[in-house]
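Please read the structure below before turning to the comments.
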Amino acid sequence: MDLERLWRDTLVASAAELWKIDLLHPRFAPLIEPPSDFRFGDLASGVAMRLARDLKKPPRKIAEELVAKLGDVPGASRIDVAGAGFINFIAGKAALASAVDAARREGPSYGRSDVRRGCRVLVEHTSANPTGPLHIAHGRQAAIGDSLARVLRHAGFTVGTEFYVNDTGRQIENLGKSILWRRYELQGTPFRREIRGVDDEGRPAAWLAAEINGARFEIEERNLYRGDYIIELAKRVPEPVTLGACGRFGRDVLLAEIRRDLEDFRVAFDRWSSQEALERGGAVADLVEKLKARGLTFEKDGAVWLLSRDYGDTDDKVLVKKDGQYTYRTPDIAYHCDKFGRGWDRLVDLWGPDHHAHVLGMRVALKMLGLLKEPDVMAGKEVSGTLVPSTPAENFQVLIVQHCRLLKDGQEVKMGKRLASYVTLRELMEEVGVDAARYFFVMRKTDSPLDFDMTLALRQEADNPVYYVQYAHARIASVLRKAVDKGLLRPSDFKEGVYAGPFEADALGAEETLLIRHMSGLRRTVDRAAQALDPSLVCAYLYSLAAAYQFYQTAGKKDPSKRILVDDERVRRMRLASVSAVKAALKTAMGLIGVEAPERMESVAAEPEAES
RNA sequence: GCCCCCGUAGCUCAAAAGGACAGAGCACCGGAUUUCUAAUCCGGUGGUUGCAGGUUCGAUUCCUGCCGGGGGUACCA
């Protein structure tokens with residue numbers, strides 16, 4: 001039974017009868033939502049306040065009339081009018097009990113909804129160039145992208161995840177040159193530094209050059225990859241060592257490393273899309289031809305330009321440079337066409353802040369190709385059937401994943417000079433663990449810059465949210481173990497780590513009610529997180545449910561009658577069922593952000609110090 | 001110049017689609033433990049939500065202007 005929907009429909013029906021007003025109109029939304037404080041009740045409606053002007057009556061009076069009309073509502077034990085005119089719904093014990101049962105029974109599926117079944121959304125994220133190891137900025141993208149995919153799946157979307165591999169072009173050429181340069185260096189070839197001309201920003205350009213077997217080899221310094229990993233690659237390039245071989249070798253090794261890092265970070269992709277394959281298959285050339293044929297391009301200074309200004313861009317953009325090479329955006333547009341062509345209804349991309357300026361360009365290009373669906377077109381499909389009407393969304397959305405600063409002992413961890421690279425994701429994983437890393441990366445809104453406090457992530461205290469949440473789960477597990485030890489439960493009473501036996505709803509008390517109200521918010525949280533494309537809401541849910549539980553269990557310290565394992569079997573079973581439901585909900589929600597739910601917490605202090 | 005994001009407690013951040021007294025954590029002060037793992041909890045101090053207008057029954061939230069901070073603005077990717 002879905003109380004939210006049930007109660008909402010009751011409100012709608014009553015208002016229609018009383019005043020012939022359709023409360024489903026967006027201006028009355030949200031019709032029903034969790035109250036600001038769960039002490040008010042299970043769900044609340046502020047609709048009376050929004051009706052005040054239409055009905056020319058004080059909100060409280062409207063609320064009272066509406067409540068009188070509602071009469072007895074299924075699942076509710078009481079409906080109050082409070083404050084300026086809020087209507088508070090208080091669930092009956094049977095309804096609370098069924099929530100407890102649902103969480104225990106559904107486990108990993110708890111909080112899932114199916115209203116969006118059939119909508120196919122493709123999440124592309126991370127997509128780091130295979131020219132170096134993943135660093136923490138990629139880590140944040142990966143954590144958010146993967147969590148978002150899990151959340152969308154839980155919210156009922158059919159979800160795909162992709163990593164776009166820039167495995168050809170300038171970057172790979174520069175990678176190859178960098179490796180070859182190191183290779184020559186290792187062989188003792190002397191390089192000289194020359195200042196020649198200016199770079200694009202008007203500064204003197206420095207080049208490294210050498211004569212090798214009578215031929216000149218040179219590379220502009222700013223294009224060099226200088227990390228130590230380049231030297232390692234240079235040592236390992238198989239013969240014959242050519243520029244192309246170096247690029248391909250480096251790319252393949254680094255891509256394999258990226259895949260391994262992501263796998264260890266619990267980030268899975270359904271598909272790795274190769275730019276090289278796309279170009280080889282002719283998709284990019286076809287795109288340019290198609291645009292030309294439709295008269296959407298022009299030629300100037302030997303380059304092919306897109307008439308993007310006519311479609312809302314700030315400038316016309318180059319598709320094919322005068323040297324015949326594509327700009328970065330041309331294969332990128334082709335790739336997005338490809339994604340739509342493979343049947344996805346909606347594309348969500350996660351990009352770094354340095355790509356911010358390209359959002360508009362991509363939107364415009366898709367619009368020119370007739371692939372972009374404007375908000376109103378999407379709205380009909382998405383709104384229908386959902387409990388919370390959607391903000392109309394385009395079928396192409398970009399999330400800019402903001403910068404992430406690493407802090408250690410209150411100081412920013414700067415770029416490692418010797419390595420000439422940022423702190424790698426691998427190093428971060430090894431230092432703070434996958435759970436803490438993923439939780440911290442997802443904790444803040446995607447478009448807010450994040451300060452990642454490594455000292456805090458390692459601390460095993462309440463101020464570290466990931467430990468706080470995991471500890472709540474482990475504490476429940478501990479109580480359940482205790483119940484077995486004391487002979488109060490048998491192993492056969494358990495299913496998936498929770499007490500699966502029956503309990504009497506009448507035994508539920510005020511403390512459990514509060515706990516269950518917090519727990520019941522998962523479905524709504526997932527719905528909202530999917531709607532807003534914001535997995536940080538899952539962290540907020542986890543933290544507040546964990547806090548509610550920590551409060552609940554600690555209350556039993558002062559007052560033994562509030563303990564879970566009390567003598568009264570009826571109360572005890574009710575409490576075991578309630579906390580088991582919380583345990584299941586915590587585990588499910590942690591799963592949505594890729595964090596493990598431990599059965600017991602082991603103190604770091606008890607373990608031998610890991611020396612590096 | 002233009003575009004985007006952000007200004008909330010001393011610090012880091014919340015505030016659900018415009019609603020209940022703007023909430024947490026840290027820090028500071030004071031309490032609770034013969035434990036269901038205190039890795040916890042409770043209480044207290046702390047706010048003109050950058051400034052000025054506007055819309056509204058109601059604004060941290062929406063609109064306008066200003067001040068301050070960050071990012072972006074390639075025939076690089």
Side-chain angles (χ1 to χ4, degrees), chain A residues 26-30 33-37 40 44 46 49-50 52-53 58-59 82-86 88 129 131 166 169-172 174 199-201 222-223 300-305 314-315 317-323 325-329 331-332 353-360 388-389 391 400 402-403 443-445 447-449 451 453 456 459-465 467-468 470-472 474-483 486 521 524-525 528 531-532 536-537 540 543-544 547 549-558 560 563-566 575 579 600-601 603-605:
Chain A
R27 76 194 162 103
F28 295 118
E33 60 187 334
S36 58
D37 189 317
F40 290 124
M49 271 123 31
R50 260 159 259 151
R53 190 156 18 143
F86 283 95
N88 290 325
N129 291 338
T131 52
N166 290 100
R170 272 288 286 281
Q171 307 277 24
I172 299 303
N174 288 336
D199 63 22
D200 299 335
E201 283 150 32
R222 66 203 294 262
N223 290 334
K300 195 178 84 179
D301 307 330
V304 179
W305 297 67
T314 50
D315 295 294
K317 302 284 201 233
V318 173
L319 290 175
V320 186
K321 296 184 267 184
K322 64 182 171 200
D323 64 4
Q325 299 270 59
Y326 298 121
T327 57
Y328 77 93
R329 75 173 63 84
D332 221 25
D354 49 336
H355 290 69
H356 184 199
H358 307 305
V359 177
L360 181 63
V388 184
T391 305
I400 297 297
Q402 276 297 343
H403 282 126
M443 186 164 63
R444 301 278 175 245
K445 284 197 191 330
D447 60 0
S448 305
D451 279 342
D453 186 337
L456 176 61
R459 207 181 305 159
Q460 302 208 327
E461 279 165 39
D463 54 348
N464 180 354
Y467 276 92
Y468 185 78
Q470 289 184 315
Y471 178 48
R475 266 184 119 181
I476 300 173
S478 171
V479 173
L480 296 179
R481 279 196 299 273
K482 199 82 162 187
K486 286 188 171 180
R524 201 187 164 89
T525 298
R528 259 186 65 218
Q531 169 58 33
S536 77
L537 297 172
Y543 194 85
S544 89
Y549 179 75
Q550 302 277 24
F551 169 79
Y552 177 80
Q553 179 165 347
T554 307
K557 292 202 172 300
K558 235 191 217 166
R563 294 189 179 192
I564 295 157
L565 303 179
V566 287
R575 289 183 179 162
V579 303
R600 43 163 53 88
M601 299 295 270
S603 171
V604 160

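Note that the structure is a prediction, hence the values are computed from the model and not measured. Residue numbers start from 1 in every chain, and the chains themselves are labelled A, B, ... in the order their sequence lines are given, proteins ahead of strands.
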Could you go through nucleotides 10-13 of chain B and list every protein N or O atom that sits under 3.5 Å from one of its N or O atoms, giving the distance for each pair?
residue, atom, partner, partner atom, Å
C13(B), O2', R444(A), NH1, 2.9

Output the rounded distance in Å from [atom1] ([X]) to [atom2] ([N]).
X: D354(A); N: G71(B); atom1: CG; atom2: P; answer: 12 Å
X: F551(A); N: A32(B); atom1: CZ; atom2: P; answer: 18 Å
X: H356(A); N: C3(B); atom1: NE2; atom2: C1'; answer: 7 Å
X: I400(A); N: C6(B); atom1: CD1; atom2: P; answer: 13 Å
X: Q553(A); N: C41(B); atom1: CD; atom2: P; answer: 11 Å
X: D315(A); N: C3(B); atom1: CG; atom2: P; answer: 13 Å
X: E33(A); N: G18(B); atom1: CD; atom2: P; answer: 10 Å
X: Q402(A); N: G69(B); atom1: CD; atom2: C1'; answer: 13 Å

Base, sugar-phosphate, or nothing: which does [X] touch, judged by heavy atoms less than 4.0 Å apart?
X: A474(A); value: base
X: K557(A); value: base
X: T327(A); value: sugar-phosphate
X: A303(A); value: base
X: A44(A); value: base
X: F40(A); value: base
X: K322(A); value: base
X: P59(A); value: nothing
X: D301(A); value: base
X: R50(A); value: base

[atom1] spacing across the pair [N] / [M], given as an integer number of angstrom:
N: C57(B); M: A52(B); atom1: P; value: 23 Å
N: A14(B); M: U8(B); atom1: P; value: 11 Å
N: C42(B); M: G58(B); atom1: C1'; value: 34 Å
N: C41(B); M: G7(B); atom1: P; value: 28 Å
N: A15(B); M: U61(B); atom1: P; value: 14 Å
N: A20(B); M: U73(B); atom1: C1'; value: 45 Å
N: C29(B); M: U60(B); atom1: P; value: 33 Å
N: A16(B); M: A24(B); atom1: P; value: 15 Å

Of the nucleotides [options], which one has an atom closest to the side chain of [X]?
X: Y543(A); options: C41(B), G25(B), A77(B); answer: G25(B)
X: Y467(A); options: A77(B), C75(B), A39(B); answer: A39(B)
X: R53(A); options: C41(B), A20(B), C57(B); answer: C57(B)
X: Y328(A); options: A16(B), A77(B), G25(B); answer: A77(B)
X: P353(A); options: C41(B), G71(B), A20(B); answer: G71(B)

Partners of [X] by side-chain hydrogen bond (donor to acceptor under 3.5 Å, both in side chains), sequence neighbours excluded?
X: D37(A); value: R39(A)
X: Q550(A); value: R475(A)
X: D447(A); value: none

Presence of donor-acceptor pair under 3.5 Å, side chain of [X] and base of [N]:
X: R170(A); N: A77(B); answer: no
X: N223(A); N: A77(B); answer: no
X: H358(A); N: A77(B); answer: yes

Which heavy atom of [X] sits nearest a heavy atom of [Y], and at what distance?
X: F40(A); Y: P35(A); value: CB-CB, 4.0 Å
X: A303(A); Y: K322(A); value: CB-N, 4.0 Å
X: Y326(A); Y: P331(A); value: CB-CD, 4.0 Å

Nearest 0.5 angstrom please: K482(A) NZ to L565(A) CG, how far? 8.5 Å
Keeping R329(A) on the side-chain end and V318(A) on the backbone end, is there a donor-acceptor pair under 3.5 Å? yes
Keeping D323(A) on the side-chain end and Q325(A) on the backbone end, is there a donor-acceptor pair under 3.5 Å? yes
Side chain to side chain contact (heavy atoms under 4.5 Å, CB included) with D453(A): which residues, sequence neighbours excluded? T455(A), L456(A)
Assert: residue with more 5' nearest nucleotide on RNA chain B, out of V318(A) and A540(A), is A540(A)
Toward the 5' end of RNA chain B, by each residue's nearest nucleotide, D463(A) or T314(A): T314(A)
For [X], check salt bridge (Lys or Arg N to Asp or Glu O under 4.0 Å) against everything at least two apart and list the hits.
X: R600(A); answer: none
X: K445(A); answer: D534(A)
X: D463(A); answer: R459(A)

Is any side-chain nitrogen or oxygen of Y468(A) closer than 4.0 Å to OP1 or OP2 of C41(B)? yes
Contiguous pairing runs of three or more, Watson-Crick or G-U under 3.5 Å, that involve RNA chain B: B:1-7 with B:67-73, B:10-13 with B:23-26, B:28-32 with B:40-44, B:50-54 with B:62-66
